[in-house]
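Since the structure is predicted, the reported quantities are computational estimates derived from the model, not experimental observations.
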Amino acid sequence: QGEPAGGAGAPPVRLSCYAMHTGGTDMSRSVPAGLLISPFRPLAPGSPSEVVAEDLADHVVCSQCGAFPTPWSRRQGLSWTCVYCGAVGQASNASCSLLETAASWRSFELRSAVAPAGPVSSGATAPQLSQTAPSSLVFLLDGNLLAEDFRAMRQSVQDALRAVDTGNAFLSVVVFTSHVTVYRLALPDIVSGDIYLDDESFARALSTHRQQYVVPASTGSAGLVSILSSLRGARLEPPARVRRPTRRRATPRIVRRGRCLQLGVRVALQLVGSTTSAARILVCTSGRPSPGGRQVREDLEVLARSAAVQSVGIDVFARGVEPIAAPQLYALCECTGGLVHHVHSWGAGHFGAVLADSLREEQPCPQRTPASLEIRTSPNLRASHLIGQALVPVADATGNAFAVEFSRVIRRLAITVLMEHGSTSDGALDEAAGFIQFLVRFSTPEQEQVLRAYSIRLTFTSDDSQFLQAVDEEVLAVILAKQAILHANTVVSEPGSKNGVGGGEGDGNEEEDDEGTEHLLHVARDQAQHTLDDFLRAVSRVHRAQQRRTQQASRASPPTVFPDALPQLPRLIFDLRRGAMLHDIQDSDITFCRRLRFLRADVEESLALMRPQLYSAPLPQALEPSSHFIFVPTACETLALWSDCAVVLDLYDHIIIWKGSKLAAHSEAGLDETLLSPWRQAAAGRIPPPRIEVVQEGSSMARSLVCRLIPSHKDAAESQNARFPRLKELSLPDRAAFLKQFPHTDAPSFREYLARVVAK
């Protein structure tokens, strides 16, 4: 009963539990209740829940609380009782059909080309998870990128602008180093720009040259490509001569010219400040702003707040040979709902795909009618917090209703809502269940006004067994993961630092900044892992205590350490702990950016990021370029690595293909392409596009795969034989040689981890 009906494909609302526990037991306190909603996910064409109406008919909503009728509303003719406040509503004869629609389906959609989306009801409060969308694009480019990066970016930007409909959008280009250069795009055949050392001088010149700097995207895109072709980027200094032999390879050094991002953002904000429509600033950089120190973060936060006031969104695309200080750059995006994208290359295969997806999947909203998500609950339920890219408390909601406003419609956006059992309702409402309704209002690019309504009924229970049977393990694991990841991505404040960024005010000590940020991110990661362990430990402790009480009356069933209703949850938590978001951090910038994307991902994408998949294929009998490898899913463990197999580890944003030594011994032309081709097809459409690499057994690069697998070679022989029956066919010497090939590790196997967590 908890999942809304209607729609095709993945449901827009998924709950962690389809029954709410009311007993206040240890089990109900240990297992959180919540849901994920994807408000802007497209519905399938022809869905029975889609209704086209000439009017959104606000008069069929409850006059007291603003809720729509539901299938559980008591009806008598044109009168109906609201399940959220108990008021009696009255519909007119003209809206009778819409009343029938609202009262028949748990989810429906109304579209109107003429009626504006109704305002948020007076009883709703609006905590801000602001998003923004462009009708004006400003490319803010770091002049310290290399010339080859600008050449690669040229094709990426060209393909991205061609792939999306920029409509009436305007375009501007600003390059920043120790100064800013604002280019005149109105001259497409001539690359011409004006240099400004401060934003005051630019403000004086803007009134005169604005029509040269801000041009329609349809005509300015050619000028943008010409500018990218002409930029030389940072200068490479030849490697210095060494007087004595050294093992270190001499590499050229990048000569930076300063990276005054703050000045570039101030200039970009002035470029879009005089427009009445929403705008977007796209920052492409290769490193942290200069000068360093905590003052930079404070400056970026001030600029981000100014951008949010002007309805300007900021997104950062970063890649460089030096650390980019992603937590520092995120201060520029956080207030505007943007992201820091760590791109693997500036080519069309990665940056171009990410940029095109960002422009295509994030539709602008008119400022006068921003998109909104209104959440209403019956008095016996309460929404306590929202998780987007931050944790938003809703304790100040009035009338059991609150709203989140957006000015950017992101199709894959998912909002997490944490729920609690509320106060006792009055006699007019259903005491055996609670009700939730989501109202989503937004405008399409075709200027249609869309209203979606999702109604949910949650039954109440005071029995732990019935409660656990109603739990959706996957959604529960995603909610726990988002809470842990949000904590791990929060840079903790310490004495002498600002929000976890080391160094004094404007001291420019970048190495100290890196060390301080790395240390605090590791501390936050360890705390997040301990939080997940404590959750499993608490559930196991409550379950074993209940078993001891029941076994005193009956000893028929053997004791277990975890509830039978949650068989997959420990493994999901273990995979998350070992995954790229909470395991040993090799590159904190990449990890930080991956976490940002995870926090607003839906259930399906979240599970793909949390749970690595391993596939194995035996060698074909006749090995040739036309051979087909048949990959089958297998346990994500080290014992799956056999020399006569090809193994693929799919981490969603990173795919590693491992060739056993017997396969690597064959050097037929086209064999690698035979392995790569199906995985390129499988990765098509993923954003960001995953890196695909091929490694061979025994090579140094193969360790990148081995270290990501669960070290089941440390388990007892009985457990190994149960999961990998092929081991039984080996003689004792062969088995010992097979196990010896795996390196020693202190990382626990799943059995060791579960035994350690439960034992405490």
Side-chain angles (χ1 to χ4, degrees), residues 130-141 157-158 160-176 180-188 193-194 196 199 202-203 205-225 227-228 261 263-284 303-317 332-333 335-339 355-371 406-410 443-445 447:
S130 62
Q131 311 283 339
T132 53
S135 59
S136 179
L137 295 175
V138 179
F139 281 89
L140 187 56
L141 308 177
V157 172
Q158 202 170 7
L161 294 178
R162 190 182 299 120
V164 298
D165 182 14
T166 53
N168 297 321
F170 290 87
L171 195 63
S172 303
V173 179
V174 179
V175 175
F176 65 95
V180 296
T181 304
V182 185
Y183 284 87
R184 303 190 180 198
L185 290 177
L187 305 172
D194 300 325
Y196 298 96
D199 50 322
F202 173 74
L206 180 59
S207 58
T208 305
H209 303 301
R210 188 179 186 283
Q211 292 184 347
Q212 300 288 325
Y213 297 152
V214 183
V215 301
S218 56
T219 59
S221 56
L224 173 58
V225 172
I227 292 169
L228 292 172
L261 174 60
L263 176 59
V265 174
R266 286 197 294 269
V267 168
L269 287 175
Q270 291 185 41
L271 278 171
V272 301
S274 58
T275 61
T276 57
S277 57
R280 193 168 173 190
I281 299 174
L282 306 173
V283 181
C284 300
L303 290 172
R305 287 192 291 269
S306 299
V309 171
Q310 298 181 41
S311 297
V312 177
I314 302 178
D315 288 270
V316 176
F317 303 86
L332 186 61
C333 309
C335 291
T336 67
L339 287 180
L355 177 61
D357 177 81
S358 181
L359 296 177
R360 182 176 53 248
E361 297 296 321
E362 303 179 11
Q363 302 290 345
C365 298
Q367 285 187 327
R368 60 184 179 274
T369 55
F406 309 86
S407 52
R408 183 194 301 190
V409 175
I410 304 174
S443 301
T444 67
Q447 300 304 313

Problem - Any side-chain heavy-atom pair of Val138 and Val312 under 4.5 Å - result: no

Problem - Between CG on residue Leu271 and CG on residue Leu137, distance to nearest 0.5 Å - result: 12.5 Å

Practice task
Test Cys284 against every option in Asp315, Val175, Leu141, Leu355 by the side-chain contact (heavy atoms from CB on, under 4.5 Å) rule and name the one that passes.
Solution key: Leu141

Exercise for the section: State, to 0.1 Å, how close Ala308 and Cys335 come at their nearest heavy-atom pair, and which atoms those are. Expected result: CB-O, 3.9 Å

Problem - Reported CD-to-CD distance for the pair Gln310 and Gln270, which is rounded to 0.5 angstrom - result: 9.0 Å

Completion exercise
Heavy-atom nearest pair, Ala307 first then Thr336, reads CB-CG2, 3.9 Å

Handout entry: Arg266 vs Val180 side-chain heavy atoms within contact, under 4.5 Å
Key = no

Problem - Minimum side-chain heavy-atom gap Leu206-Val182 below 4.5 Å - result: no

Practice task
Find the distance between CG (Leu332) and CG (Leu140) and round it off to the nearest 0.5 Å.
Solution key: 8.5 Å

Exercise for the section: Report the distance from atom CZ of Phe139 to atom CZ of Phe317, rounding to the nearest 0.5 Å. Expected result: 8.0 Å

Handout entry: Sole candidate of Val214, Val215, Thr219 that passes side-chain contact (heavy atoms from CB on, under 4.5 Å) when paired with Leu185
Key = Val215

Problem - Non-hydrogen side-chain atoms of Leu161 and Leu224 separated by less than 4.5 Å - result: yes

Exercise for the section: Could I get the full list of side chain to side chain donor-acceptor pair (under 3.5 Å) partners for Tyr213, not counting sequence neighbours? Expected result: Asp194, Tyr196

Practice task
Work out which heavy atom in Val316 is nearest to a heavy atom in Cys333; give both atom names and the distance.
Solution key: CG2-SG, 3.5 Å

Exercise for the section: Rounded to the nearest 0.5 Å, what's the gap from OG on Ser358 to CD1 on Ile410? Could you check? Expected result: 8.0 Å

